[in-house]
Visitor: 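Take a look at this one; I'll ask things after.
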Amino acid sequence: MSEDINSQGYDVPPEMQNVVAITTLDKIYNWGRRYSVWPMMFGLACCAIEMICTAASRFDFSRFGMEIMRPSPRQADLMLVSGTVTKKMVPQIVRLYNQMPEPKYVVAMGACASGGGPFKEGYNVVSGIDKFLPVDVYIPGCPPTPQALLFGLMRVQEMIDNQSLKEVRWYQKGDLPAIPIPILGPDLIDPRDYPEFAEKLAKAQAVVAEPEEV
Amino acid sequence: MTETTMAISKNIETRFSDGVTLDERTGYEGYIVEADKLIEFATALRDEFGYDFLSSVTGVDYLPEEKMEVVYHMYKSTGGGALIFKVQVPRQAPVVPSLYDVFLGADFQEREAWDLLGIKFEGHPDLRRILMWEGFEGHPLRKDWKEAFHENDTKPFDARWPGGDVYRAEDENPFTKNVLYPEGFDPEKWTPEGETAVYAGMTEIESDDPMHTDQIVVNLGPQHPSTHGVFRMVATLDGETIVKLRPVMGYLHRNHEKIGERNTYLMNIPFTDRLDYLSSMTANWGYVQAVEKLLGPKVVVPERAEYIRVIMSEFTRIANHLMAIGALLNDLGAYFTPMLYALTERELILDIFEAAAGSRMMCNYFRFGGLVRDLPAGVEQKMRDLAFERLPRKIDELDRYLTENEIVVVRCEGIGVLTPEEAIGYSAVGPVLRASGVPYDVRKADPYGIYDRFDFDVAVAYHGDVYDRYLVRLEEIRQSIRILQQALDDLPEGEIMMGKPKYSIRVPAGEAYGRVEAPKGELGFYVVSDGSANPWRYHVRAPSFINLTGLSKMCEGDKVADAVIILGSIDIVLGETDR
Ligand code: SF4
């Protein structure tokens, strides 16, 4: 354990090793966080089944300190977007993300969450959760095997290792802005599109009118 | 036509001299019924001819003929083949009388046809959108409705890198998103209306309780640990008791049917994997069966492939039921331990799938006329070990731990009851139907593949409650093991595919309905071909979806905590429910 957190270059006398470590605040903070990531218990589609398998007997991600899956976003640190993000569901997902306290991470599990996957062309499908949320790790696969998911989760741990208390966004001054909740209109509306909405709409209509140009 | 169906059709023709004609298009069967005769016809089928089970209702948009057609598949709950009839209405104003009063099972299916095809069902008490949200523009399954990322009417598409540079669908859309708005739409003036419709009629429900207490409306889901995905229920409670419950779905509507009608026939097989993603093998089979029916008698599946199909399906059933039982115990509050036991066995079955098909969950293993590849060396032995040795022992273990467990018994007995008549009326299938005392199993009632060669019993129980559904699943696992043992003993050597595998097949024009007994119940695929390389209509009759029609009935009068286990006992998978 001490090797894990002891900073290099500080010699701890042999009799004190395993008892004392000299380290930085960043390191000890990250070391605590990396082994206690609580994922949100939240499944969207097929990928969620592989997520359950990863949590269950054979693969068991509690080996990485992740056994506590929380159904409530208020108690979770990690949102595993495990499956197809549909337009009907995305307002809820954004709301859940906004409800999670910092620090929080988002993993896009599988082809669907990363980019729409096999259903990308579908009229009710959002092409990837990164259209709305900041994604930290993408895991390819349809579905990613439990091994792939574990690998992705280890990447999250590595990310945590490299963060610094001075720079992380949740210790900066001021409030973190919430992500605006998409609205279900005649199609999905992203409030962030409002400023140029009319302009873009006119352009879209022009494309429909002259499809040859495409 | 067999002799009995011939006799029946004689009778039907004499009984209905006008308003009912034979469907004489080549490749089609059944009757075409005038819209104003529909209710009378359906009632007579139920009361006079014994066709008491309305399996599937769906619509087809025949754009070139300017017609909308509603297709009904009826069965007898005692077994036998289908009776198909259709109603044709003009495409401009498609209005069809609702069968809601004759068959409650038409409820959700008619709503779906309204939602996706815009067919109005007159007399339906609650004709709202079901998969999309209220306020969505257009009816997406209509052939002239095009989505934002529309590239071409049929696949395969042209190259995505025509001049050596790749483009993405987003690049073509000014919003860089998969969205499409009507002309001149102003989002800031838009008021979303979805939730009002969901909650409408849920407050102040009359009750004969002399004590007047306030009712409260509770919303469960779509993000809720007990809903097995993204399902949602809105319940009106009087104290702890459910007065009314309304399922809300569509949160995983992935447009299988629209995408499926653009795909070539072969491309749809991997999509069927993603319908019921816990049991992809049976979904493969249902679809492949429908297309094989369309291809006609020239398709002969080799013996070995037939056996492997059965073996894979029965392993799937076991894996699915293990998951269902584990999840039910989770819902009962036995947090995760029984689930872990069940998943351990499921993993072993998945190993077999991975060895044979290359993937744990999304098997994509069946092909028209056979299978994609043979079993690799050593897998047969693994299967034998499981079927003869390990699984029987483990199922007994599960049985010993759970069946007599006091909490399981107390929480499950007498909860969520569905009588046999109700179960048939709601078009319930699979373990839900059989737990209500109707021994209906497609493998026996209308055998497909080589199921008529095996010796097995249909699991059935008679109380129609959650406990009986659990018992039926447990017994079905045992029966599946029996089938597996016979099939593994008889498994012949030989080919696994008729002829050469083909990338693109041409299918003669016509319609076909393939149905299999999936672990969750009758899974049907209605495929219409116009003779081209892509299906004209591809409809999935999903057991998870239609079994939910009876959910409100099962929950009313029970406690709110029971709604969770009742839902667990139906065993839904959202991929299939919402498609
Ligand atoms: S990536 Fe594949 S397995 Fe995962 S949700 Fe999408 S379709 Fe399902």
Side-chain angles (χ1 to χ4, degrees), chain A residues 40-46 48-50 52-53 55-58 69 71 73 83-84 86-89 92-93 95-96 112 116 118-127 131 142-143 145-146 183-191 193-194 196-205 207-208 214, chain B residues 131-133 135-138 140 147-151 169-170 172-175 177-188 190 192 194 222-225 229-230 250-256 258-259 262 270-271 274 277-278 336 339-341 343-344 346-347 350 360-362 574-575 578:
Chain A
M40 187 153 77
M41 189 157 136
F42 146 83
L44 288 180
C46 350
I49 306 297
E50 286 296 57
I52 294 170
C53 290
S57 356
R58 187 185 273 179
M69 288 186 108
T84 318
T86 61
K87 291 180 184 170
K88 199 168 174 179
M89 189 64 194
Q92 270 71 268
I93 300 177
R95 205 169 276 143
L96 286 169
C112 285
F119 300 97
K120 180 173 173 179
E121 69 198 79
Y123 48 85
N124 191 27
V125 175
V126 176
S127 354
K131 293 269 182 297
C142 181
T145 56
I183 299 162
L184 295 176
D187 206 327
L188 191 71
I189 310 167
D190 186 346
D193 280 342
Y194 281 1
E196 289 146 40
F197 195 91
E199 200 182 307
K200 284 180 178 171
L201 184 62
K203 239 195 243 164
Q205 239 88 48
V207 173
V208 175
V214 179
Chain B
L131 297 176
M132 299 305 285
W133 60 87
F136 181 76
E137 175 86 5
E147 60 270 74
F149 279 178
H150 178 267
E151 273 177 66
E170 285 99 320
E172 308 286 312
N173 190 317
F175 291 96
K177 275 192 217 87
N178 184 5
V179 287
L180 183 79
Y181 306 101
E183 213 177 320
F185 173 67
D186 183 357
E188 281 163 90
W190 171 264
Q223 139 59 13
H224 190 279
V230 286
Y251 293 96
L252 190 56
H253 178 45
R254 300 192 280 193
N255 330 125
H256 271 276
K258 185 85 180 173
I259 296 175
R262 185 168 303 142
F271 279 89
R274 285 155 183 81
Y277 34 76
L278 288 172
F336 239 97
M339 184 84 158
L340 290 181
Y341 274 72
L343 283 177
T344 311
R346 181 173 174 266
E347 284 289 334
L350 295 193
R360 289 154 48 86
M361 278 166 63
M362 305 306 179
L574 268 298
D578 294 342

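Below, read A as the first sequence line, B as the second, and so on, with proteins coming before strands; counting in each chain starts at 1. These values consider heavy atoms only, across backbone and side chains, with no hydrogens, waters or symmetry-generated copies.
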Visitor: Looking at Arg360(B), Glu137(B), Lys258(B), which makes the most heavy-atom pairs under 4.5 Å with chain A?
Guide: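 Top option by heavy-atom pairs under 4.5 Å: Arg360(B).
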Visitor: Taking atom CG of Asn255(B) and atom OG1 of Thr84(A), what is their separation to the nearest 0.5 Å?
Guide: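 It comes to 9.5 Å.
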Visitor: Are His253(B) and Phe119(A) an aromatic pair by the rule of ring centers under 6.0 Å?
Guide: no
Visitor: I need the residue from Glu147(B), Met362(B), Lys177(B), Met339(B) with the largest number of non-hydrogen atom pairs under 4.5 Å to chain A.
Guide: Lys177(B)
Visitor: May I ask you to test the Gln223(B)-Gln92(A) pair for a side-chain heavy-atom distance under 4.5 Å?
Guide: no
Visitor: Find the one option among Arg346(B), Arg262(B), His256(B), Met361(B) whose heavy-atom pairs under 4.5 Å with chain A are most numerous.
Guide: Met361(B)
Visitor: Any heavy-atom pair between the side chains of Pro143(A) and Tyr277(B) that's under 4.5 Å?
Guide: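 No, side chains not in contact.
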Visitor: Taking Lys87(A) for its side chain and Asn178(B) for its backbone only, find out whether a donor-acceptor pair lies under 3.5 Å.
Guide: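 Looks like yes, one N/O pair under 3.5 Å.
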Visitor: Does Cys142(A) offer a backbone N or O that forms a donor-acceptor pair with the side chain of Arg274(B) under 3.5 Å?
Guide: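 Here the side-chain-to-backbone pair exists.
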Visitor: Which bit of Leu96(A) comes within less than 4.5 Å of chain B, counting heavy atoms only: side chain, backbone, both or neither?
Guide: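 Just the side chain, heavy atoms under 4.5 Å.
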Visitor: Any side-chain to backbone donor/acceptor pair from Glu196(A) onto Phe175(B)? Under 3.5 Å, distance only.
Guide: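 Such a contact is absent between Glu196(A) side chain and Phe175(B) backbone.
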Visitor: Using a 3.5 Å distance criterion without hydrogens, assess whether the side chain of Tyr181(B) forms a donor-acceptor pair with backbone atoms of Leu188(A).
Guide: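 Yes: the side chain of Tyr181(B) pairs with the backbone of Leu188(A).
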Visitor: Where does Tyr341(B) contact chain A at under 4.5 Å (heavy atoms): side chain, backbone, both or neither?
Guide: neither
Visitor: Can any side-chain N or O of Asn124(A) pair as donor or acceptor with the backbone N or O of Met132(B) at less than 3.5 Å?
Guide: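 No.
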Visitor: Salt bridge or not between Asp578(B) and Lys88(A)? Use side-chain N to carboxylate O under 4.0 Å.
Guide: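 Lys88(A) and Asp578(B): not salt-bridged.
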Visitor: Examine distances only and state if a side-chain atom of Asp187(A) and a backbone atom of Val179(B) form a donor-acceptor pair shorter than 3.5 Å.
Guide: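 Flag not set: sc Asp187(A) to bb Val179(B) has no pair under 3.5 Å.
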